[in-house]
Student: 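Starting off with a structure, shown below.
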Amino acid sequence: MTDTPSPANPVPASNDAHPTLTHERSLANKIAQGSDAGDILDQQLAMLGIQLVTQLNVLIKTSRIHGRTNAALDNPVESMMTLVKTLAADHPIVLRLQNDFLFMGDSHLKMSSQQMAVFASIIEALNKWKIGGISFTATAASKDFREFAYLFVSLDPEKHVLGDLQDAMKAAGIHGIELEEPRSLQLQHLSDATLTTGTAGENPHAPLNGQTDLKEKRKALAKCGYAKATAALGDLVKKTRGGGTVSFKQAKRAIQNIVELMIQDESTLLGLTNLRCHDQYTHNHSVNVSLLAMALGNRAGYPKVELADLGLSALFHDVGKCAISLDVLNKPGDFTQEEWAVMRSHPIEGVFTLVKARGINNIPARMAAASFEHHMNYDYSGYPKLKVPWTQSVGSRIITIADCYDAMTSSRVYRREPMSPANVLKFMCGKSGQSFDPVLLKLFVNCVGIVPIGSLVRLDSGPLAVVIKPAQDKINAERPLVKIITDETGTPVEDGDEVDLTAQDEAGN
């Protein structure tokens, strides 16, 4: 017997997991629209859509290593065929890319933090070919999937256009798989007024539902920007460790998109810094530091261009760790004196890595300074130790604060239990004027809030809630905007209310 997928029991997304099919082929036609059963079906179809993306990613990656007749392709091809035969039983199923959102038909596929890397990989692959969508029909056979994956990875999108790939698919006799031109929606550049008037949306034929849809779009854009930055950093670290050619273009584009979102909706992006993946700590940490640094830079009055430079510098502040053995980086116990010396060399190694990657004349000064200075401390009590007078840059002081905050609120190989955000801020305030610039630290506390975003709180009335935005009123700094996640008895609440704790009743309570 197979467990029925649900939010508490999702379908596994591992590469070797076979899809769990949860409905018969004609069930959709038997369910009344708007019913509870219809909602369950939509949820299960979305889960299958996520599996479709996952298995397509496995198929493409496996094809890069093995030939189209290799047995290694058996499992991903079989999984793709099973999914497509179910989803496309009545009509072709289309996996569509629009402005870095993935859709199955008209349904937006919403990714979890664990699925970000997979989604980012597929989005990047489709963007390279300028593919707007892939249509699958139930007639697609094993040969079709194998030939399609082979052509997809063997032709170079830098030398060929989408039409060339389509012609090659036709010549290979591929049936049941078709590629679409992209549909462009300029979501990132629309004003709030434009978005709320219903002139654009995730479904190009559907009007927006005011501020709710605007908020959902910003969340989706923020998640996609986070995923792209993580993927870019992971790719750069891998190439740096392997001695390959390093390019910062992908990371730069990701940061530039995030800057636009940061200026419009700071709290949504800061909420993403609560994403934690222990196995991907280095990547998540650097992206989180970048987001926190840009938020602080925004509060400090940085213009857009300088904000992007700050974000890129923060993203690569720890690039020097690429020169350190993984055995040392991932050691669960205490470091020896020799290992501490190696760890403390990463700021200098970072500058060497950047010089090697970009050339000494092409390194942005801020990026080199961020790598070299982020452990110096405000009073120069940190490292590296210098024998000459030195003035630490403002950007590095910002990154020092962001770096410490995220590191201490994260679990590490040597510290499984992270500190609570409130306790971390208390600790950092005790180091004001020593480790941290006191003016910037005050701005940072205002930025993340006395009760920081992502904190779990219990309300006086009993329910549990999560902080989603700091209090705007400094007098009521301990009363943030929260989202209810349980009722008074502790029972989870789905899509609970957002409550402003500064709100008062008629009696002023």
Student: Taking the side chain as everything from C-beta on, heavy atoms only, tell me whether V328 gets closer than 4.5 Å to M343.
Tutor: yes

Student: Counting only heavy atoms from other residues, nucleotides and ligands, does the tally under 6.0 Å from NZ of K483 exceed 12?
Tutor: yes

Student: Might you point out which heavy atoms bring L179 and M169 nearest each other, and give the distance in Å?
Tutor: CD1-SD, 3.6 Å

Student: Do you know which two heavy atoms are closest between I399 and A370, and how far apart they sit?
Tutor: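 What the structure gives for the nearest pair is CD1-CB, 3.5 Å.
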
Student: Measure across T137 and V84 and return the closest heavy-atom pair with its distance rounded to 0.1 Å.
Tutor: O-CG1, 3.3 Å

Student: Will you find, in the side chains of H285 and D406, an N or O donor that is under 3.5 Å from an N or O acceptor?
Tutor: yes

Student: Determine whether a donor-acceptor pair (N or O, by modelled atom type, separation under 3.5 Å) exists between the side chain of S121 and the backbone of A117.
Tutor: no

Student: Is any side-chain heavy atom of F372 closer than 4.5 Å to a side-chain heavy atom of I348?
Tutor: yes

Student: Taking the side chain from N257 and the backbone from A254, do they hold a donor-acceptor pair closer than 3.5 Å?
Tutor: no

Student: Looking at T86 and T82, would you say the former's side chain and the latter's main chain have a donor-acceptor pair under 3.5 Å?
Tutor: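 Yes; judged by distance alone, with no hydrogens or angles, the pair exists.
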
Student: I'd like to know if the side chain of R68 reaches the main chain of L73, judged simply by a donor and an acceptor atom lying under 3.5 Å from each other, with no hydrogens or angles considered.
Tutor: no

Student: Might you work through the side chain to side chain contact (heavy atoms under 4.5 Å, CB included) test for I65 and N70, ending with a clear yes or no?
Tutor: CA-CA 10 Å; I65 303 170; N70 195 289; over 6 Å; no

Student: Can you name the closest pair of heavy atoms from H66 and A72 and give their distance?
Tutor: CD2-CB, 3.5 Å

Student: Count the heavy atoms of every other residue, nucleotide or ligand shown that sit under 6.0 Å from OH of Y150, and state whether that count exceeds 12.
Tutor: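 Atom OH in Y150 is not packed in, count stays at 12 or less.
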
Student: Closest approach of G297 and I398, non-hydrogen atoms and distance?
Tutor: CA-CD1, 4.2 Å

Student: Applying side-chain contact (heavy atoms from CB on, under 4.5 Å), name anything that partners K170, two or more places apart in sequence or on another chain.
Tutor: none

Student: So D318 and V289, side chain to side chain contact (heavy atoms under 4.5 Å, CB included) or not? Walk me through it.
Tutor: CA-CA 10 Å; D318 268 343; V289 170; over 6 Å; no

Student: For a quick check under 3.5 Å, do E180 and S135 share a side-chain donor-acceptor pair by atom type?
Tutor: no

Student: Should L56 and F148 be marked as a side chain to side chain contact (heavy atoms under 4.5 Å, CB included) after you check the CA-CA gap, both sets of side-chain angles, and the distance that decides it?
Tutor: CA-CA 11 Å; L56 180 60; F148 164 71; 4.3 Å; yes

Student: Check whether any side-chain heavy atom of I50 sits under 4.5 Å from a side-chain heavy atom of F119, and report yes or no.
Tutor: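 Answer yes - side chains close enough.
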
Student: Is there a side-chain contact between I174 and L151, using heavy atoms and a 4.5 Å cut-off?
Tutor: yes

Student: Just verifying a value: how many Å separate F152 CZ and L165 CG, rounded to the nearest 0.5 Å?
Tutor: 7.5 Å

Student: Counting only heavy atoms from other residues, nucleotides and ligands, does the tally under 6.0 Å from CD of Q166 exceed 12?
Tutor: yes

Student: Roughly how far apart are L102 CG and S107 OG, rounded to 0.5 Å?
Tutor: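 So the CG of L102 and the OG of S107 are separated by 12.5 Å.
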
Student: Tell me, yes or no, whether the heavy-atom count around K143 atom NZ, taken from other residues, nucleotides or ligands under 6.0 Å, exceeds 12.
Tutor: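 Yes - once you tally the heavy atoms of other residues, nucleotides and ligands closer than 6.0 Å, there are more than 12.
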
Student: Could you tell me whether the side chain of I485 reaches within less than 4.5 Å of the side chain of V493, counting heavy atoms only?
Tutor: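 Contact flag for V493/I485 side chains = no.
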
Student: Given L109 and L95, is the side chain to side chain contact (heavy atoms under 4.5 Å, CB included) satisfied, shown in steps?
Tutor: CA-CA 10 Å; L109 297 177; L95 187 64; 3.9 Å; yes

Student: Does the S290 side chain pair with the main chain of S286, one donor and one acceptor, at a distance under 3.5 Å?
Tutor: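 No: the side chain of S290 does not pair with the backbone of S286.
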
Student: Got a second to check how far L312's CG is from L307's CG, nearest 0.5 Å?
Tutor: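 Between L312 CG and L307 CG, I get 12.0 Å after rounding to 0.5 Å.
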
Student: Checking the side chain of N127 only, and the main-chain atoms of I123 only, is there a donor and an acceptor separated by less than 3.5 Å?
Tutor: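 Here the side-chain-to-backbone pair exists.
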
Student: What is the distance from atom CE of M80 to atom CG of N75, rounded to the nearest 0.5 Å?
Tutor: 13.5 Å

Student: Answer yes or no: is there an ion pair linking D156 with K128, defined by an N-O contact shorter than 4.0 Å?
Tutor: no

Student: Evaluate the side-chain proximity of R366 to S393: yes if any heavy-atom separation is below 4.5 Å, no if none is.
Tutor: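 They are not in side-chain contact.
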
Student: Of all heavy-atom pairs between S371 and H346, which one has the smallest distance, and what is that distance?
Tutor: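 Closest pair (atom of S371, atom of H346, distance): OG-O, 4.3 Å.
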
Student: Can you tell me how far the CD1 atom of I131 sits from the CG atom of L97, to the nearest 0.5 Å?
Tutor: 9.5 Å

Student: When you measure from the side chain of N57 to the backbone N and O of T54, does any donor-acceptor pair fall under 3.5 Å?
Tutor: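 Checked: no pair found.
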
Student: Taking side chain as C-beta onward, heavy atoms only, is Y302 less than 4.5 Å from M294?
Tutor: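 Result no, sub-4.5 Å side-chain heavy-atom pair not found.
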
Student: Are I134 and L126 packed together at the side-chain level, in the sense that at least one heavy-atom pair is separated by less than 4.5 angstrom?
Tutor: yes

Student: With under 30° as parallel and over 60° as perpendicular, where do the rings of H374 and H317 fit, or are they tilted in between?
Tutor: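 H374 vs H317 ring planes: perpendicular.
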
Student: Nearest 0.5 Å, what's the CG-CZ distance between L59 and F145?
Tutor: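 Going from the CG atom of L59 to the CZ atom of F145 covers 8.0 Å.
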
